[in-house]
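So the structure is just underneath, and the comments pick up after that.
Quick caveat, the model's predicted, so the values are computed rather than measured. In listed order, ligands and their atoms are each counted from 1.
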Amino acid sequence: MRSHLLNDTTAERYRRSVTEGIERVAAKLATTDRPFTGVTVDALAPRIERIDLDKPLHDTTAVLDELEDVYLRDAVYFHHPRYLAHLNCPVVIPAVLGEAVLSAVNSSLDTWDQSAGGTLIERKLVDWTNERIGFGPAADGVFTSGGSQSNLQALLLAREEAKPGRAGWEASASHAELRIFASEVSHFSVKKSAKLLGLSQDSVVSVPVGNDKRMQTVALARELERCKRDGLVPMAVVATAGTTDFGSIDPLPEIAELCEQFGAWMHVDAAYGCGLLASLKNRHRIDGIERADSVTVDYHKSFFQPVSSSAVLVRDAATLRHATYHAEYLNPRRMVQERIPNQVDKSLQTTRRFDALKLWMTLRVMGADGIGQLFDEVCELAEEGWQLLAADPRYDVVVEPSLSTLVFRYIPAAVTDPAEIDRANLYARKALFASGDAVVAGTKVGGRHFLKFTLLNPETTTDDISAVLDLIAGHAEQYLGESLDRAS
Ligand SMILES: *Cc1c(COP(=O)(O)O)cnc(C)c1O
């Protein structure tokens, strides 16, 4: 069994084994003609169920054959140009290479004595990102598992900083008095974080958005006033720079002004919009981000990185102390004096992947401009898709894209019952998924069912968009036709 351990004597086996796996995936990528096979849970579950995990095959080739059957054949492939659903990007090759290296070396980024150079590489990428944001030299941050964790950590820091001393708030605030302000279309991880942080059930104040799906700052100002009048503490404002549903970017400079005025921590959730940090053309759309106290970035969304790759960045490194604990076995206090860089001092995680290597490889091979260009391309594609939708009488489209998302619904000329239109759109999404021809997402706007394209694949063309719109219309019409038959 020792022959399976990766070490000096098994290097050749490692090379053969991994190469064999890579060959399979490469062949798959080259021949995938649809983003999905349309397999159902009922069809797939028994294939996985019948495998006896206590009876190993002892043969890599046989296991890869089996993997084809239980996973590779029916996986949802994000690299396919007609995968248009969620915030999943096709990944760039240098990052996948980084992934292969980091899992084989298996550094753990918690302490210097488990990662050495890895620690410095992560720190350099944090500095690089902070420079792109426009933070000063006091900034810092740390890689995380994703935007949800980044938001949680940012709000933990905000909660601790809301205690005595923060502008205008003398009294020590109890958790029950703390309020977070976020737009009604902010990410649900804000509410989840508030719960984890022990805040009260009504701690997250939902600020309305305008027709453009951006936070209304007049409403934010009103809510902040009310908070102050009620003797409560405005702990943080979460500005979303790229909402998950619409890609809309909250007005960052105005929000920064209000945060300053009311002494609230400003967190920018740029999980989606962070790709603009690398853009030569559209960086200005997130101007004002440099005034944040903390920022969430998901490289695994708009930097074309494999999951996981995310970071939380802070304007003032000192605020990260709220996540610091010292353990004698791992990162004793004396190491701080000895200036040993232990990233665990800044992180909610302990053992932690060297995800930063993927971004490192990407920047070293392609450069930031290369990534920015890919993101600019999908933003432009969304603009073209918006024009297609706006000119198409079969569709109603919600808002002109700020990033790469389109939210729309099929509106049949002859049907007026809104519930029936909802059902037709829901049906079309499901039927499309079952066919595997394309994958689209859905959401609710004003209580009604809408469909959504999240465009993150530069290989997707306007022809793909047109073709998928025709497929959706076809499915919706089929539903309505059958619905008429049922009624008569
Ligand atoms: C995706 C997303 C998150 C959550 O990030 P994960 O990496 O999925 O945990 C948070 N905020 C926004 C705006 C997002 O789009």
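Scanning all protein heavy atoms for the shortest distance to atom 12 (C) of ligand 1 gives D269 OD2, 3.4 Å. Protein heavy atom in closest approach to atom 3 (C) of ligand 1: K301 NZ, 3.2 Å. Given atom 6 (P) of ligand 1, the protein heavy atom at minimum distance is G147 N, 3.3 Å.
Contact annotation: G242 has at least one heavy atom less than 4.0 Å from an atom of ligand 1.
You'll find the ring centres of F433 and F36 inside the 6.0 Å limit. In this structure, Y299 has its ring center closer than 6.0 angstrom to the ring center of F143.
Checking only distances, D298 does come within under 3.5 Å of ligand 1, N or O to N or O. Polar contact with ligand 1: present for H300 (N/O pair, distance under 3.5 Å).
If you take CZ on R353 and CG on D110, they are separated by 14.0 Å, rounding to the nearest 0.5 Å. Note that the CZ atom of F246 and the OG1 atom of T405 stand 9.5 Å from one another [nearest 0.5 Å]. Distance check, rounded to the nearest 0.5 Å: CG of L406 to CD1 of I465 gives 6.5 Å.
Contacts of T296 with ligand 1, taken as heavy-atom pairs under 4.0 Å, are absent altogether. Both the backbone and the side chain of S148 come within 4.0 Å of ligand 1, counting heavy atoms alone. Neither the backbone nor the side chain of T243 comes within 4.0 Å of ligand 1, counting heavy atoms alone.
Distances from atom 15 (O) of ligand 1 to the heavy atoms of T244, V307, D245 show the closest one on T244.
Residue-ligand proximity, L87 to ligand 1, at heavy-atom distances under 4.0 Å covers atoms 15 (O). Atoms of ligand 1 lying under 4.0 Å from any heavy atom of N151, numbered from 1 in the order shown and given with element: 10 (C), 11 (N). The atoms of ligand 1 that sit less than 4.0 Å from any heavy atom of H187 are 2 (C), 3 (C), 4 (C), 10 (C), 11 (N), 12 (C), 14 (C).
A side-chain donor-acceptor contact under 3.5 Å links D298 and S310. At a cut-off of 3.5 Å, with distance as the only test, no side-chain donor of D369 or Q373 sits close to an acceptor on the other residue. Using a 3.5 Å distance cut-off with no hydrogens or angles, the side chains of Q305 and T362 do pair a donor with an acceptor.
Closest approach of R214 and S248 over heavy atoms only: CG-CB, 4.1 Å.
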